[in-house]
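Residue numbers run from 1 in the order of the sequence given. Keep in mind that what you see is a predicted model, and the values were worked out from it rather than measured.
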Amino acid sequence: MEVIVARTAGFCKGVKNALEVTMEAIQKRKEGESLCTYGPLIHNRQVLAMLEEKGVMEQNDPALCAGRNVVIRAHGIPPQERQELHRLGAVLLDATCTRVARVHGIIKGHARRDFHTVIAGDADHAEVIGLMGYTEGRGVVIDRPEQVDDLPSDWKKILLVAQTTQNEDLFRQIQERFLIKYPAGIVKNTICGSTHERQAEVRELCSRVEAMVIVGGLHSGNTVRLAGIARECGIPTFHVETEADLDRREMAQYALVGISAGASTPNWIIRNVVKFLESIEPGKSGAHKPWKSVLDGLTYSNIIMALGAALLPFVAQALAGLPMSFSACVMAACYAFAMHSLNIYLDGDAIRLNDPKRAAFYQRWRIVFTGSSVLAVLLALGMALERGVVTFLALVVLVILGVLYAVPVVLPAQWRHLSAFKIKDIPTSKTFSVPIAWACVAVLLPHLSDLSASAGMLLYAWWIVFLLVLVRTLLLDFLAFQGDKLVGRETLVVLVGEARTAPIVTGLSGLLGLSILVGPILGLSGPFAVVMLAAFTGAAWHLRPLLRKGLKDDLVSEAMVEAMIIGSGLLGLMWKVLVG
Ligand code: SF4
């Protein structure tokens, strides 16, 4: 089955900001300080469970927030509750979305001038309850155009606003009826831009696909509206919370399906729905696509990642004109596989949030993965020992650093005030440690004995492989952004934000291209650099639209990122075999 995922699917700005405010508060929390959220931060069980694990509980009663740090979620709260929380000594961390706050201001300004306010929205929704608080008791909520007829005709000053996630068509109908009844009434379309784009994209997608799947809480108002819009377009629509709500046989009737999601649906849930649908062979009673299962298995078991690492030494050997070495490939693959697999168990929080299915897979195969990782380390160390004691010791250091990455390091007594720390807590450590380690194992370690003879060429090859793996890591960090952000892992993408990642990746790719170009000019590499530059330019050109539109957290994006490393390695291998 072919799947088109809406560009606007997933967290909106307000929800992202609320999560960021909460995570920052967790990191800055001092000993003895208590932190809670006023109402559920978002409608997602995994995220709420993660917050609970970090001691951040949801509270709905102001009395239970007394003296605590309290996060106000994106929906905002009525001013009366805000005052009550202040009176009780709560410290408010206000994550009210700026677009919701703007509506508060509009209602407040009109209420002061004795206006009645009509809100087109769901009366029970937290945002609408907050909006009602600003109407000074002259507010009414409606959700159907006919309800305009029931409003008192003698209201002279009257304002109509919308819940920020209201269905645009419905609001238009309410507005038309409202202006017929109250020609002097004031209408403010307060549906937020993010909602507008999301709904417009669903309408557009419906004209291109056979069926729509809308992902998000069954009680989430904005998700329900998206499903309603898709149904109005006249195509079969499935509103699901997870892929478990979809029937494989039923979905097999469709060859092309569109997917969108509500404003508080995390990427990993959308990703799992995409994976599920892509695995269906259309017209075959929901049979699995065999190649999809194989690809999933290879990705989950880290074999694709290890294959990329295994091929990297060929890039260095082709660039620096060094002899071909298969044992270097085995050493690089074993190291990358072992460190990656072990760190999943030592630092599994982000995976649990980014991809719970994958986390469950690793949990099920824990013994197999830890056992094979230990064997892989032993094999890599054996290969290193064959190359000499210095290579062996260098690999031992890299293995220790790799294993210690997520383990608390106990500091000597005189540094106790710094408390135990983990290497992973150093900002951007994940982004840079992987490329440094991979480049060392794939390029320097196998050729330590040649270092004095060809130091310039080896360091040049190290730099190229480092940049190549750095671009890969940045792109994968981009895909894992939400989970990393939630567990407080400060990758470069988390530090600079998603929006600035694309220019950084473009800049690094330019630096990589330039570095490949100057290699032959400075005599640091052979003619392979020219071939690599041509292939790299082609790949970068191909990836350009993907970066411009924004990478999606899906299997295709992940496969394309890994293909960049595997492709470079295969090119190096072909060069060594054909040219030598
Ligand atoms: S839907 Fe719009 S207004 Fe509502 S929280 Fe998200 S960005 Fe803010």
Residue pair [X] / [Y], side-chain heavy-atom distance below 4.5 Å:
X	Y	value
F369	F337	yes
V209	I4	yes
I259	M212	no
F238	D245	no
F326	P313	no
L311	I565	no

(message) Using a 3.5 Å distance criterion without hydrogens, assess whether the side chain of K576 forms a donor-acceptor pair with backbone atoms of G321.
(response) no

(message) What verdict does the side chain to side chain contact (heavy atoms under 4.5 Å, CB included) test give for N343 and V403, after you've listed the backbone C-alpha separation in whole Å, the side-chain angles of each residue and the deciding distance to 0.1 Å?
(response) CA-CA 7 Å; N343 270 295; V403 173; over 6 Å; no

(request) Decide, yes or no, whether a salt bridge links R472 with E562 under the criterion of side-chain N to carboxylate O below 4.0 Å. (result) yes

(message) I'd like to know if R208 pairs up with E204 as an ion pair, taking the criterion as any Lys NZ or Arg NE/NH1/NH2 lying under 4.0 Å from an Asp or Glu carboxylate oxygen.
(response) yes

(request) Name the orientation class of the two ring planes belonging to F466 and W462 (parallel below 30°, tilted from 30 to 60°, perpendicular beyond 60°). (result) parallel

(request) For Y254 and P282, work out which heavy atoms get closest and say how close. (result) O-CB, 3.6 Å

(request) Quick one: closest heavy-atom pair of E281 and A252, and the distance? (result) O-CB, 4.1 Å

(request) Taking atom types as modelled, find out whether R387 and S325 have a side-chain donor-acceptor pair closer than 3.5 angstrom. (result) yes

(message) Less than 3.5 Å apart, any donor N or O on the side chain of T8 or E197 sitting next to an acceptor on the other?
(response) no

(message) Determine whether L319 and M457 satisfy the following criterion, side chain to side chain contact (heavy atoms under 4.5 Å, CB included), listing intermediate values before the conclusion.
(response) CA-CA 8 Å; L319 277 172; M457 284 185 133; over 6 Å; no

(request) Give the intermediate values and the outcome of side chain to side chain contact (heavy atoms under 4.5 Å, CB included) for residues Y460 and L522. (result) CA-CA 10 Å; Y460 169 77; L522 298 177; over 6 Å; no

